[in-house]
Chemist: 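Questions regarding the structure given below will be posed in turn.
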Number of protein chains: 4
Amino acid sequence: MRNGVKWRRLPEERPQQILEAAFEVFGEHGLAGARLEDIARRAGVAKGTIYLYFPNKEALFKEMIRQTVIAHLERSERDFVADRGASATDQLRDYMRGLWSLTRSPAYQVVMRLVIAELQRFPELMAFYWDEVVSRKRQFLDRLFRRGIEAGEFRPIDPHVAGRMMASMFAMHALWVSSGVCAPTPPTTDEELFEQLTDFFFHAVAPVGAIAPGSA
Amino acid sequence: MRNGVKWRRLPEERPQQILEAAFEVFGEHGLAGARLEDIARRAGVAKGTIYLYFPNKEALFKEMIRQTVIAHLERSERDFVADRGASATDQLRDYMRGLWSLTRSPAYQVVMRLVIAELQRFPELMAFYWDEVVSRKRQFLDRLFRRGIEAGEFRPIDPHVAGRMMASMFAMHALWVSSGVCAPTPPTTDEELFEQLTDFFFHAVAPVGAIAPGSA
Amino acid sequence: MRNGVKWRRLPEERPQQILEAAFEVFGEHGLAGARLEDIARRAGVAKGTIYLYFPNKEALFKEMIRQTVIAHLERSERDFVADRGASATDQLRDYMRGLWSLTRSPAYQVVMRLVIAELQRFPELMAFYWDEVVSRKRQFLDRLFRRGIEAGEFRPIDPHVAGRMMASMFAMHALWVSSGVCAPTPPTTDEELFEQLTDFFFHAVAPVGAIAPGSA
Amino acid sequence: MRNGVKWRRLPEERPQQILEAAFEVFGEHGLAGARLEDIARRAGVAKGTIYLYFPNKEALFKEMIRQTVIAHLERSERDFVADRGASATDQLRDYMRGLWSLTRSPAYQVVMRLVIAELQRFPELMAFYWDEVVSRKRQFLDRLFRRGIEAGEFRPIDPHVAGRMMASMFAMHALWVSSGVCAPTPPTTDEELFEQLTDFFFHAVAPVGAIAPGSA
DNA sequence: TATGAATGAGCGTTCATTCAT
DNA sequence: TATGAATGAACGCTCATTCAT
């Protein structure tokens, strides 16, 4: 049959194919240092082909952000609504688990590093990230923490502050894990790292005088 | 006549002069974005002069790391020895205050960002950083936390974990403050940010059932 | 079923269809600035289809010249023969009116501009243009002016010169009108512009001492 | 002496050197078609060197306009003031002579062609040309013609119109001379062409009933 | 030692042209 | 005959590095 004749990759796969190459090359050389030529070669296409699917270099990175951080955020928001019945503590622990599994994915680690390291120099990307990620995430966590505080599950901490602390701990661990700073010396397992993070956090937000609700 | 010329900077000062300019320019434009021309102009020398003292752009970056991060670590260690008489809680609070003032210095923010962004690509530098900074800092915090745990000031948390959490929170805030992610929405003062960090941390390490020792 | 498809344009119309689109796009973006993609889209065909009918971009341009400038010249010659009975002054005024309405047509403005801008670089086209347009038009005007001079309607000016002056004024106004240089400052109407041109020209060729014959 | 050792071109000549190359290349390939690389090679410098003296391609063209059209305009304005004693007719004839000698210079012909052909596509250049040339020239000619009309040397024609007609005739002749449209067939000398232009123009603006004042 | 004019490889991006379908 | 995804050479512009002075 005519079928077997050509086995090139299907056109529908092209954007994902390019994106995956971009993930790798951005990860290795940074946002500014990555060369479109390398991304193209790694994706197995010509330089011009990239521009059939993405208007420019920044758009590639935007899409990377969408597929990792924003996708996760949307999942979290859906879960939050679906899990309305659960306690804030349980909801938070679920959220943290999702965040942690994201944290361990190379794609997210790359994105985080680039966001921290280079986003400043790309004002349009910075604005995008701020609107689509930072403020949205903040809203989400606000609602979560407020619920827990009102239910007496957490001490009356400023929800913004709680959110910022959690984000800082997870983000930094993403960076450390990816750059090997975390792993080497204490041969801690991923699961142990997660336990340490949640345990620490739940102690920090536990009602004063109570047993930390998250550690059981 | 020729005498008035004495007022130029001495040739021996040249490297430091260049390094200071590099600091500023790297801080403003990042490693890749910094232009040798700008550094030269800011240092008051010609572009070619830089190459008399540093073989290339990278070398400038390496020297920057040495002069900032290591220098700070040595200061911390000296202070720790000098404060031996105080409680672990007080010592920790003092250390945090020092760390926070460092965190707010542009120099540290620059180095943190560049370390996160670029260190991976220089394995030799990464090793250097690991030995001279990461493990040394870890030892230092270990001793501090162990003291506090033994005295019952802190709950029996793994000292490594406590150190890692603290470092992650402060490091991330350094990055956020410098890139404006922290500041905008809640018009929080620097001092308030510091209070939030210490309050959060002391709650997390407080002996269970006790009032958080750090919050007063 | 398959029947409704009959409503597509016929294949025989394809070249004209493409040419019309080329006209518009060349007019808007110039020869170098026009993108084949735009022409294809505007013609309602795919990019590749253009290459079935024209070997390259240049060929499109050549064909455009043929369809506009030559076509007009032939119309002028026919009208001249048909109007044999009128005075030279009337014939000239009629010709000028026709020239002016041509001058205002976007197609002519486009061709004029492209001829000025690009013809030099295609010697073969330049020769073609010279033979088929320039010298033919000159002959035509020569006859017209000679008639007027012999009849005492115009002063004894060199007919070549009169023709050249007229052509220069109209051509330049075509270019100016199309590029907006003429319009802005004095909000002159098209009709006024035409009056100014003819009035000026008839004064210039009026018998010395006489009232300019064209202004009434 | 050390003098004879190196005879490279002096740095002070560089801008003019580049500009002359640009003149040639723009003339041959147009504004959009000219390649910086060609200009550099023709000037005997490297591509980057151009950018030491001109911020971009457009600036090269701006400077070309300045050295030809604007320089001439400024000369004309100075002469106008210096010649206050002369009749408007004499002043105009002097101006025309200057304009005609400009018209014959290859540089001016190139500039005119590019202005006509391509300026539309470079809006910033168009604005520059409009402000620095078109409106300034218009003012200048307005004053000149108004003087002549008030003194009864010219018929009461709208000064704007007279200026526009003159400009159109000279401009078009510049384009024709440069592209060979004017020259070939009637082997007219440059001087004769000039006489034809002035004679035609002075007849057109002569007081009705009078002998054309410019023709002698 | 110090200069800064000069270099040219390299970048992101565009688009005329090709060719498998 | 018609498509449009894919190509890749070419462009304007930048800037780390060199080198004659």
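Chain A is the first sequence line, chain B the second, and so forth, proteins listed ahead of strands; every chain is numbered from 1. Fair warning: this is a prediction, and the values are worked out from it, not measured in the lab.
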Chemist: In whole angstrom, give the distance that lies between atom CD1 of B/Ile50 and atom C1' of E/dG4.
Modeler: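 So the CD1-C1' distance, B/Ile50 to E/dG4, works out to 12 Å.
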Chemist: Look at the side chain of D/Ala46 and decide which nucleotide, out of E/dT7, E/dA6, E/dC11, has an atom nearest to it.
Modeler: E/dT7
Chemist: Nearest whole angstrom, please: distance from the P of E/dA2 to the CD1 of B/Ile39.
Modeler: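 Rounding to the nearest Å, CD1 of B/Ile39 and P of E/dA2 are 18 Å apart.
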Chemist: Identify all stems in which DNA chain F takes part, counting only runs of at least 3 consecutive pairs (Watson-Crick or G-U wobble, each distance under 3.5 Å), and give each as one range with another, ordered by first number.
Modeler: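 Counting only runs of 3 or more consecutive pairs, the stems involving DNA chain F are E:2-21 with F:2-21.
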Chemist: For D/Val115 and D/Leu125, run side chain to side chain contact (heavy atoms under 4.5 Å, CB included): C-alpha distance rounded to whole Å, both residues' side-chain angles, the deciding distance at 0.1 Å, then the answer.
Modeler: CA-CA 9 Å; D/Val115 163; D/Leu125 276 179; over 6 Å; no
Chemist: State which of E/dA2, E/dT13, F/dA5 makes the closest approach to the side chain of A/Tyr53.
Modeler: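 Taking heavy atoms from C-beta onward, the closest nucleotide is F/dA5.
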Chemist: Can you tell me how far apart CG (C/Leu114) and CE (C/Met64) are? Round to the nearest 0.5 Å.
Modeler: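 It is 5.5 Å, given to the nearest 0.5 Å.
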Chemist: Nearest to the A/Asn56 side chain among E/dT17, E/dT3, E/dT13, which nucleotide is it?
Modeler: E/dT13
Chemist: For the pair made of CZ in B/Arg35 and C1' in E/dG10, what is the distance, rounded to whole Å?
Modeler: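 Answer to the nearest Å: 17 Å.
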Chemist: Nearest to the side chain of C/Lys57 - F/dT3, E/dG10, E/dT17?
Modeler: E/dT17
Chemist: Relative to the 5' end of DNA chain E, which residue comes earlier, C/Glu37 or A/Leu31, by the nucleotide with the nearest heavy atom?
Modeler: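 Per heavy-atom nearest nucleotide, the more 5' residue is A/Leu31.
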Chemist: Is the closest side-chain heavy-atom distance between D/Val25 and D/Leu36 below 4.5 Å?
Modeler: no
Chemist: Side chains of D/Phe26 and D/Lys57: closer than 4.5 Å at any heavy-atom pair?
Modeler: yes
Chemist: Figure out the CD1/P separation between B/Ile18 and E/dT1, and round it to whole Å.
Modeler: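 Interatomic distance, CD1 of B/Ile18 to P of E/dT1: 12 Å.
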Chemist: Closest nucleotide of DNA chain E for A/Pro55 versus for C/Gly48: which of these residues is on the 5' side?
Modeler: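 Counting from the 5' end, the first nearest nucleotide belongs to A/Pro55.
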Chemist: The side chain of D/Thr49 is closest to which nucleotide in this list: F/dA16, F/dG12, E/dA6?
Modeler: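 Taking heavy atoms from C-beta onward, the closest nucleotide is E/dA6.
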Chemist: Given the rule in the side chain to side chain contact (heavy atoms under 4.5 Å, CB included) test, do C/Val110 and C/Thr68 qualify, once you have shown the distances and angles that lead to the verdict?
Modeler: CA-CA 10 Å; C/Val110 166; C/Thr68 56; over 6 Å; no
Chemist: Check whether any side-chain heavy atom of D/Arg42 sits under 4.5 Å from a side-chain heavy atom of D/Glu24, and report yes or no.
Modeler: yes
Chemist: Start at the 5' end of DNA chain F and walk down; is the nucleotide closest to D/Asp38 or to B/Ala34 reached first?
Modeler: D/Asp38
Chemist: Give the nucleotide from the list F/dC13, F/dA6, E/dT3 with an atom nearest to the side chain of B/Leu52.
Modeler: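 Looking only at side-chain atoms, B/Leu52 lies closest to E/dT3.
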Chemist: Quick one: do the D/Gln16 and D/Gln67 side chains pair a donor with an acceptor below 3.5 Å?
Modeler: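 Side chains of D/Gln16 and D/Gln67: pair found under 3.5 Å.
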Chemist: Can you find a pair of side-chain heavy atoms, one from D/Asp38 and one from D/Arg41, that are under 4.5 Å apart?
Modeler: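 Side chain of D/Asp38 against side chain of D/Arg41, heavy atoms only: contact under 4.5 Å found.
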Chemist: F/dA2, OP1 or OP2 - any side-chain N/O from C/Arg14 closer than 4.0 Å?
Modeler: yes
Chemist: Is the base of E/dT17 touched by the side chain of C/Lys47 through a donor-acceptor pair closer than 3.5 angstrom?
Modeler: yes
Chemist: Picking from F/dT7, E/dT13, F/dA16, which would you name as closest to the side chain of A/Tyr51?
Modeler: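 Of F/dT7, E/dT13, F/dA16, E/dT13 is nearest to the side chain of A/Tyr51.
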Chemist: Rounded to the Å, how far apart are C/His29 NE2 and E/dA16 P?
Modeler: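 Distance check: C/His29 NE2 to E/dA16 P gives 12 Å.
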Chemist: Rounded off to whole Å, could you give me the CG-to-C1' distance for the A/Leu60 and E/dT13 pair?
Modeler: 13 Å
Chemist: Rounded off to whole Å, could you give me the CG-to-C1' distance for the B/Leu36 and E/dT3 pair?
Modeler: 15 Å
